[in-house]
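Some notes on the structure that comes next.
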Amino acid sequence: MTVLICERCGDVAAAPELCRCCTPYDRVEVRRRLTDAISRARATDAMTSPVRKPQRAA
């Protein structure tokens, strides 16, 4: 994953996204960006976390 730092405002964004100062504010777009960021974070976490052994009930 590539992380971009805006030279104008210092905002950090993932590669295909732009910083917030470069994009007009739109509630639907903000929600979409948040949903996409959460999905990417979960996918990355799933790939990098070790596989856990199933625990038996006591």
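Quick caveat: nothing in here was measured; it's all calculated off a predicted structure.
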> Once you round to the nearest 0.5 Å, how far does OG1 of Thr35 lie from CZ of Arg31?
Replying inline: 7.0 Å
>> Check Arg32 with Asp36, please: is the shortest side-chain N to carboxylate O separation under 4.0 Å?
In response: yes
>> For Leu34, give me all partners under side-chain contact (heavy atoms from CB on, under 4.5 Å), at least two apart in sequence or on another chain.
In response: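 Listed in chain order: Ile38.
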> With Val28, which residues qualify under side-chain contact (heavy atoms from CB on, under 4.5 Å), at least two apart?
Replying inline: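 Val28 satisfies side-chain contact (heavy atoms from CB on, under 4.5 Å) with Asp26 once adjacent residues are dropped.
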> Cluster partners of Leu4, using ILVMFWY side-chain heavy atoms under 4.5 angstrom, listed by chain and number?
Replying inline: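 Same cluster as Leu4: nobody, lone residue.
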